[in-house]
Novice: 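Before anything else, here's the structure in question.
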Amino acid sequence: MNLAPNEDRAVLLDVQDLRVVIDGPAGLVSASDGVSFQVRRGEIVGLVGESGCGKTVTALATIGLLPPSGRIAGGRVLLGGLDLTRMREDELREIRGSRVGYVPQDATAALNPVVRVGEQITEVLRAHTSLDRSAARARAIDLLRAVGVPAPARRLDGYPHQLSGGLRQRVAIAIALACDPELVIADEPTTALDVTTQAQVTELLARLAAERSLAVLFISHDLSLVASFTDRVIVMYAGQVVEEGPTPRMTSAPRHPYARALLHATPRLERKLPRLATIEGRPPDLVSPPPGCRFEPRCDRATPRCRTDDPQALRPAVACWHPFDGVSA
Amino acid sequence: MSASPLLEARGIAKRYRVGRAVLTAVDGVDLTIGRGEAVAVVGESGSGKSTLARILVGLEAPSQGEVRFDGRIVDPTSRGSRLSLGARVGVVFQDPYGSLNPRLSVARAIEEPLIVHRWGDASARRRRVAELLEAVGLDPDLGARRPRGLSGGQRQRVAIARALALDPELLVLDEPVSALDVSVQAQILNLLADLRRARTLAYLFISHDLAVVRQVAERIAVMYLGRIVEIASADELYGAAAHPYTLALLSSAAEVEGARASRIPLQGDPPSPIERPGGCPFHPRCFRARERCGREDPVVATDGSHRVACWYPGPVEPEEVRRLGPGGRDV
Ligand SMILES: Nc1ncnc2c1ncn2[C@@H]1O[C@H](COP(=O)(O)OP(=O)(O)OP(=O)(O)O)[C@@H](O)[C@H]1O
Ligand SMILES: Nc1ncnc2c1ncn2[C@@H]1O[C@H](COP(=O)(O)OP(=O)(O)OP(=O)(O)O)[C@@H](O)[C@H]1O
Ligand code: SF4
Ligand SMILES: [Mg+2]
Ligand SMILES: [Mg+2]
């Protein structure tokens, strides 16, 4: 999919030991607890994990958009070497407009209901580029066409509520791509879309990655979708990264028991599986997580050591005391 | 005597008035479900799946056509028909949060259909509730809890237990796993497979996810703009789909084991159920459409139990792959 091998390309986003706490009703939630990963230029990285594992919080913290109840408690987020966690709000805003595009999980909430669709796109373009009004409008039409909005010129004068959920989602993606960013962070950007549209959007991202070296962090709970177009997959569990690796291996022979269970729980289009793997129980409470491995209560490979020693000590390798070998099962 | 199929729908249409326009949600659907058969309906958002399901279970009256359950006409306006159908058909909806009354305990939620149908006395009902909790893999102690304290998967199990309360012959499941995490989704899909091993139970399983459907269904109907455009056994549909829309859907679905081969793009605008295209309803978006498709409604081509509403059915030809190019052309 991409030409240069990953290692040859420069690191664009470097998240180091990121810690985020959120003030919740039951106490301080460690939603992101020592998360480290990198995204290289032109690379598409999938971030997967079940609901509540901290994908959105990690993404929001990365680009300085945490809600007031959340704060970064440690770690660094480097974008091309600049530490975003030390930036002022106005500097961050400039970076978000021009260098990083963000597609929020709830696209509907991201659009202003009383501003015409076209203005919401041209506003971003006028603020961060030197395009004049008519050039910005032409670019907005191109963008909408590129994300698969039919009859784009007509849509510009409409309001968000006149669009279907799928079209609103595509407008949000168009806004994120407006200023030709180096990095797009997209949080479940296609979950509300039909599969045919989903495929169209992921192909667009893949094309931009290949042609313009756009880096993409694509958050999803859908391993098959992620498998279909990413270069690398990061698996999160209970606020931590438990394993990462190249997509072909992560979708055939992941080594962490949670990552493997996730794979075997996923239904296949190719064939009917005799039985799907299940993971009994629920993820731990992130207010007072257990001291050892957070997956231990649900893991069928666990030994007494897993209850006392935290396998996060093993990162960046697989965070597990008893990982599977890398052979597919 | 069970010569008639379990459920038989003929010529079902449903039109809604929206402002001054008419919206056709379902447009001439024929569907049969055999005893103990698992049938799935797939299609994209707005294709009419839920509307069809509501009509089949007598929750809504069709504008046209008729539904028979075990040979008897389903009549939503007759209380007798509703009650007798209610005992023989269980229904599970998508939203595991909205479908349970937050004020009732889990046991009470499951008991409710038993009370409505005057099933047994209080102690028999208590035993039945315990049995049902066990059948869906829930701890009987959970009965005392309110839905609020349950996980999404547990709530969906409760909804299934309630739908099974009167030992129905048909379970209608409208997107029952779409809101769940994969690990929980897997539990529910396994449960649905197990339930059918233990009893003669037919499913009408509605989903937009072709991989999920593969785990559950023996026969699959593909809906587009209110029509069933293709229906076939699961093996036939995944192996030898013939309708261009089914081909596009299958080629767009993501596979865990690798990139998509070559995707067949849909062209133009998503359809409007208010201004339905003439001729074949799919023709404006179809990669294979010819002049005739815009003019005449296709006649259904039948090959055994495989039916396709298309003038030019068949697998994707090499020439078509070349013409559409890698990843298709859609922008
Ligand atoms: N505003 C908030 N207040 C309190 N807790 C929060 C808030 N936002 C997130 N959390 C908690 O932080 C943890 C991580 O949440 P996050 O939204 O990042 O999960 P996610 O992986 O994105 O899940 P999903 O797949 O459901 O979107 C969860 O335990 C969640 O309950
Ligand atoms: N009560 C109603 N009044 C007016 N229009 C309706 C009504 N119910 C459904 N529709 C319309 O009928 C069409 C089919 O809707 P339906 O909910 O059956 O689709 P669906 O296939 O279940 O979609 P989804 O996958 O989004 O659930 C849609 O255009 C919908 O807006
Ligand atoms: S460290 Fe132990 S408990 Fe954790 S995943 Fe590995 S084997 Fe399972
Ligand atoms: Mg999220
Ligand atoms: Mg529906």
Side-chain angles (χ1 to χ4, degrees), chain A residues 1 48-53 142 145-151 164-167 192-200 202-204 206-207 221-229 247-248 251-252 258 261-282 298, chain B residues 42-47 137 151-154 177-191 193-194 208-217 234-235 238 245 248-260 263-270 272 285 326-328 330-331:
Chain A
M1 190 165 312
V48 301
E50 68 198 283
S51 186
C53 72
D142 286 346
R145 186 175 298 118
V147 296
V149 172
S164 70
L167 287 176
L193 304 180
D194 284 326
V195 283
T196 51
T197 313
Q198 219 170 50
Q200 191 182 341
T202 56
E203 271 167 23
L204 172 70
R207 195 166 72 226
H221 64 276
D222 183 345
L223 192 59
S224 340
L225 180 65
V226 161
S228 70
F229 83 112
T247 302
T251 54
S252 61
Y258 173 71
L262 211 53
L263 174 64
H264 292 315
T266 304
R268 304 302 178 91
L269 187 68
E270 310 88 274
R271 61 175 186 280
K272 178 175 176 172
L273 300 174
R275 200 156 184 83
L276 297 169
T278 57
I279 310 172
E280 299 308 323
R282 292 159 95 167
R298 308 173 77 185
Chain B
V42 300
E44 297 191 299
S45 187
S47 58
S151 70
Q154 287 172 325
V177 297
S178 307
L180 305 176
D181 267 314
V182 274
S183 63
V184 184
Q185 167 182 291
Q187 293 171 9
I188 300 296
L189 293 175
N190 287 344
L191 170 66
D194 294 342
H208 63 276
D209 185 331
L210 282 157
V212 162
V213 158
R214 184 147 217 186
Q215 286 301 119
V216 181
D235 288 342
Y238 290 100
Y245 177 65
L249 267 190
L250 283 167
S251 75
S252 296
E255 297 189 17
V256 178
E257 282 164 14
R260 301 180 185 94
R263 184 169 68 84
I264 298 166
L266 296 182
Q267 331 200 333
D269 291 15
S272 158
R285 311 194 76 196
D330 43 6
V331 288

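Sequence lines set the chain letters: A, B, ... in the order given, protein chains first and strands last, and positions in each chain run from 1. What you are looking at is a predicted structure, and each value in this text was computed from that prediction instead of being measured.
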Novice: Leu269(A) and Ala253(B): which non-hydrogen atoms are nearest, and at how many Å?
Specialist: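 Between these two residues, the closest heavy atoms are CD2-CB, 3.6 Å.
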Novice: Any ion pair linking Arg282(A) and Asp181(B) (charged N to carboxylate O, less than 4.0 Å)?
Specialist: no
Novice: Of the non-hydrogen atoms in Ala265(A) and Ala186(B), which two are nearest, and what is the gap between them?
Specialist: O-CB, 3.8 Å
Novice: Looking only at non-hydrogen atoms, find the nearest pair between Arg263(B) and Gln200(A) and report the distance.
Specialist: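 Smallest heavy-atom distance, with atoms named: NH2-CA, 3.7 Å.
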Novice: If I take atom CZ from residue Arg271(A) and atom OH from residue Tyr238(B), how far apart are they, to the nearest 0.5 angstrom?
Specialist: 14.0 Å
Novice: I need the minimum non-hydrogen distance between Glu44(B) and Asp194(A), along with the two atoms involved.
Specialist: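 Reported closest heavy-atom pair: OE2-CB, 2.8 Å.
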Novice: Distance check, rounded to the nearest 0.5 Å: Gln187(B) atom CD versus Ile279(A) atom CD1?
Specialist: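 Gln187(B) atom CD to Ile279(A) atom CD1 measures 8.5 Å (nearest 0.5 Å).
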Novice: As an exercise, state the distance from NE2 of His264(A) to OG of Ser183(B), rounded to the nearest 0.5 Å.
Specialist: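 Spacing of NE2 (His264(A)) from OG (Ser183(B)) equals 14.5 Å.
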Novice: Does one side chain, of Ser252(B) or Gln198(A), offer a donor that lies under 3.5 Å from an acceptor on the other?
Specialist: no
Novice: At their closest point, which heavy atom of Leu276(A) faces which heavy atom of Gln215(B), and how far apart are they?
Specialist: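 In terms of heavy atoms, the two residues are closest at CG-NE2, 3.8 Å.
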Novice: Which value, rounded to the nearest 0.5 Å, describes the distance between Leu189(B) atom CG and Thr278(A) atom OG1?
Specialist: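 Leu189(B) atom CG to Thr278(A) atom OG1 measures 11.0 Å (nearest 0.5 Å).
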Novice: Enter the distance from Lys272(A):NZ to Asp235(B):CG here, rounded to the nearest 0.5 Å.
Specialist: 9.5 Å
Novice: Does any heavy atom of chain B fall under 4.5 Å from the side chain of Leu223(A), the backbone, both, or neither of them?
Specialist: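 Neither part.
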Novice: Counting distance only, does the side-chain N/O of Arg214(B) pair as donor-acceptor with the main-chain N or O of Glu270(A) below 3.5 Å?
Specialist: yes
Novice: Check Arg275(A) against Asn190(B) and note the closest heavy-atom contact, atom names and distance.
Specialist: NH2-CB, 3.5 Å
